[in-house]
Amino acid sequence: MSVTGATSAAREVNFHQINRLVSSELLHGSESLCKLLRYLAEQSFERPAAPIKEYQIATEVFGRPGDFDPRLDSTVRVQTGRLRSKLAEFYAGAGSEDKVIVELPKGSYSLLFHTRLVAAQPETPLPLPPIALPPVSPALVLEHPIAPALAPRSALWIAVVTLSLLTAAAVGALIYVEEFQRPQRVAMIAAENTPPVFRQFWNGFLDQPELPWLVFSNAEFVGRPETGMRYFDSAKGDKKEQILDHYTGVGEVLAVHELDRVFGMFHQGMRVKRGRLLSLDDAKNNNLIFVGSPSENLTLRIIPTTLDFVFGQTDIPSRKGDLGIINQHPRPGEDKSYIGSQGMPLTEDYALIALFPGMNPSRLAMTLAGTTTIGTQAAVEFVCRPRNLEKLLGRLGIAKTGIVPFEAVVRIKISGGVPVQSDLVAVHARAN
């Protein structure tokens, strides 16, 4: 058969499988999912090497207008997530023996078609011709009286072996279900029980073709731990080759763990990168979550970030030069600057939580940062708690759907080096 003929035959088989899925009980009642599945299949057949874009699906499948903004409208991500779940459910049930498996991989809008491998069946042996046996001598039977008992014992032995093999197979099946199926069930249950406010707040970073970057602070130090370290300062004659960038704060470490926990609820991964290694191309082409202030997350100094609240040195006489959060456009009842407690132990800090357009307007960026590492930890924990998110969205005047760019300042009370209470003190919605 020619290559073209083989390709056409495979396409026909795959298209038949799409029809089977559309007519199945799981999808038959959902016109939107059937329409989406057919569209993705046609794109895979006609342009197998071309990636399918979210904008393309939104406008051509769901009739969204030309100014469709994926940050404000999550229809495509939600529907593809539903379709992905339905496909998995189908092949776990009615389609468990289908020869063709249709997959919608996580982080992609392109369908994949797999042929199920079927174990080869052993060939049935040809019957042997009958063999004529000589008559048995009665004397021989008398000389071996145990011979008649061999048949029953052999049958018993075969039964014991067969029962043992069946028991082993059953145990193996139970182990498989426990080790491989149970984690999947637990993950599905966790996703279903995730508070809706999590999906609402984090929606712009979930179910995207590319995983978001989590960029944690990685300050530039000079010196050695055993003799003392300080921030790199070119004005003091420090040279680039003297930089020591092996350290980050304890708050950033705990923050990465906390964000990974929340994203894991949605079966969503993240890519983690040190701030000093983030390139401008990375910043332009990806959704970004910055963990840590510009004093240590240096990338924040060279890309557009917040407008109303910025990190800077305060001009308060008693605290002149200390790092704080400066309120560029104070509103009634708001302070002009926010600065944590002085001296040790630390008892109070302030943190900035902000969501804003990235360098590429089609991408999102978020800053979660305190004036200290403990404040950074508290900022991340704030957006990982349902009750706090409900308060934040309430201050923004947002109902149960969507999210808008915003900037907010949080005051943190600290005890024994641990954030114990966080309260919103200022919230500004952004115009863009």
Side-chain angles (χ1 to χ4, degrees), residues 69 71-72 201-202 204-205 212-220 231 248-249 251-252 255-256 259 270-314 322-331 334-340 349-373 375-380 382-383 392 395-396 403-410 412 424-432:
D69 188 343
R71 296 172 301 173
L72 304 178
F201 182 82
W202 291 107
F205 296 91
W213 281 110
L214 193 161
V215 185
F216 67 90
S217 62
N218 183 216
E220 297 177 337
Y231 284 128
T248 191
E252 283 78 357
V256 171
L259 287 171
M270 296 183 299
R271 294 172 291 178
V272 180
K273 179 170 281 194
R274 292 188 290 165
R276 292 193 69 243
L277 301 182
L278 186 74
S279 68
L280 288 179
D281 283 340
D282 292 334
K284 291 177 181 177
N285 299 321
N286 296 278
N287 290 330
L288 305 172
I289 302 174
F290 292 99
V291 175
S293 74
S295 65
E296 296 194 354
N297 212 335
L298 306 181
T299 310
L300 287 169
R301 299 180 182 180
I302 59 175
I303 68 171
T305 54
T306 52
L307 300 176
D308 287 6
F309 300 104
V310 298
F311 284 91
Q313 294 180 337
T314 65
D322 286 354
L323 181 66
I325 299 175
I326 312 302
N327 191 345
Q328 302 282 72
H329 305 99
R331 297 178 181 177
E334 294 179 353
D335 294 338
K336 293 182 179 180
S337 61
Y338 301 94
I339 184 170
D349 194 15
Y350 287 90
L352 175 62
I353 299 172
L355 176 69
F356 49 91
M359 294 184 68
N360 181 338
S362 65
R363 299 292 186 263
L364 286 175
M366 179 179 290
T367 294
L368 303 168
T371 65
T372 70
T373 187
T376 294
Q377 175 188 345
V380 172
F382 187 94
V383 297
L392 174 60
R395 290 282 295 271
L396 289 169
I403 186 69
V404 297
F406 69 90
E407 300 174 19
V409 177
V410 178
I412 301 115
L424 287 167
V425 294
V427 179
H428 291 187
R430 287 175 53 139
N432 59 341

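The chain is numbered in sequence order, starting from 1. Excluded from the calculations below are hydrogen atoms, water molecules and symmetry mates; all remaining heavy atoms, backbone and side chain alike, are included.
Closest of all the heavy-atom pairs between Asp281 and Asn286 is O-ND2, 4.5 Å. Here the closest non-hydrogen pair linking Ala379 and Ala369 is CB-N, 3.9 Å. Between Asp282 and Leu288, the shortest heavy-atom contact is O-CD2, 4.1 Å. Between Gln328 and Leu307 the shortest heavy-atom distance is CG-O, 3.5 Å. The two atoms that bring Phe309 and Ala426 nearest to each other are CZ-CB, 3.7 Å, heavy atoms only. The two atoms that bring Ala429 and Arg331 nearest to each other are O-NH2, 4.3 Å, heavy atoms only.
Judged by distance alone, the side chain of Asp349 and the main-chain N or O of Thr372 form a donor-acceptor pair under 3.5 Å. Without hydrogens or angle criteria, Asn287 side chain to Leu364 main chain gives a donor-acceptor distance under 3.5 Å. The backbone N or O of Ser217 sits less than 3.5 Å from a side-chain atom of Thr248, completing a donor-acceptor pair. Side chain of Thr376 to main chain of Gly370: a donor-acceptor pair is present (N/O by atom type, distance under 3.5 Å, no hydrogens or angles).
Taking 4.5 Å as the limit, every side-chain heavy atom of Tyr338 sits out of range of all side-chain heavy atoms of Leu352. Counting heavy atoms from C-beta on, the side chains of Ile412 and Tyr350 never come closer than 4.5 Å. Side-chain atoms of Thr373 and Glu252, non-hydrogen and from C-beta on, do get closer than 4.5 Å to each other. Using a 4.5 Å heavy-atom cutoff, the side chains of Phe216 and Arg274 are in contact. Side chains of Leu424 and Phe382 form a contact here, defined as non-hydrogen atoms less than 4.5 Å apart. Counting only heavy atoms from C-beta outward, the side chains of Leu368 and Phe290 never approach each other to under 4.5 Å. In this structure the side chain of Leu214 reaches within 4.5 angstrom of the side chain of Val291, judged on heavy atoms. In this structure, the side chains of Thr306 and Phe311 stay at 4.5 Å or more apart for every pair of heavy atoms.
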Next item on the list: Please report the C-alpha distance between Thr314 and Asp322 in whole Å, then the side-chain angles of each, then the deciding distance to 0.1 Å, and finally whether the side-chain hydrogen bond (donor to acceptor under 3.5 Å, both in side chains) criterion is met.
Entry: CA-CA 6 Å; Thr314 65; Asp322 286 354; 5.8 Å; no
Item checked: Residues Glu334, His428; criterion side-chain hydrogen bond (donor to acceptor under 3.5 Å, both in side chains); working and verdict -> CA-CA 11 Å; Glu334 294 179 353; His428 291 187; 2.9 Å; yes
Checklist line | Intermediate values then yes/no, side chain to side chain contact (heavy atoms under 4.5 Å, CB included), Phe406 and Arg395 | finding: CA-CA 11 Å; Phe406 69 90; Arg395 290 282 295 271; over 6 Å; no
Next item on the list: Start with the C-alpha gap between Asn327 and Asp335, add the side-chain angles, then the distance that decides, and say whether side chain to side chain contact (heavy atoms under 4.5 Å, CB included) holds.
Entry: CA-CA 7 Å; Asn327 191 345; Asp335 294 338; over 6 Å; no
Margin query: Using side chain to side chain contact (heavy atoms under 4.5 Å, CB included), reason through Glu407 and Arg430 one step at a time and then give a plain yes or no.
Written below: CA-CA 7 Å; Glu407 300 174 19; Arg430 287 175 53 139; 3.0 Å; yes
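The salt bridge (Lys or Arg N to Asp or Glu O under 4.0 Å) search around Asp69 returns Arg71, not counting sequence neighbours.
Distance check, rounded to the nearest 0.5 Å: CE of Met366 to CZ of Phe201 gives 3.5 Å. The line from CH2 of Trp202 to CG of Leu355 is 9.0 Å long, rounded to the nearest 0.5 Å.
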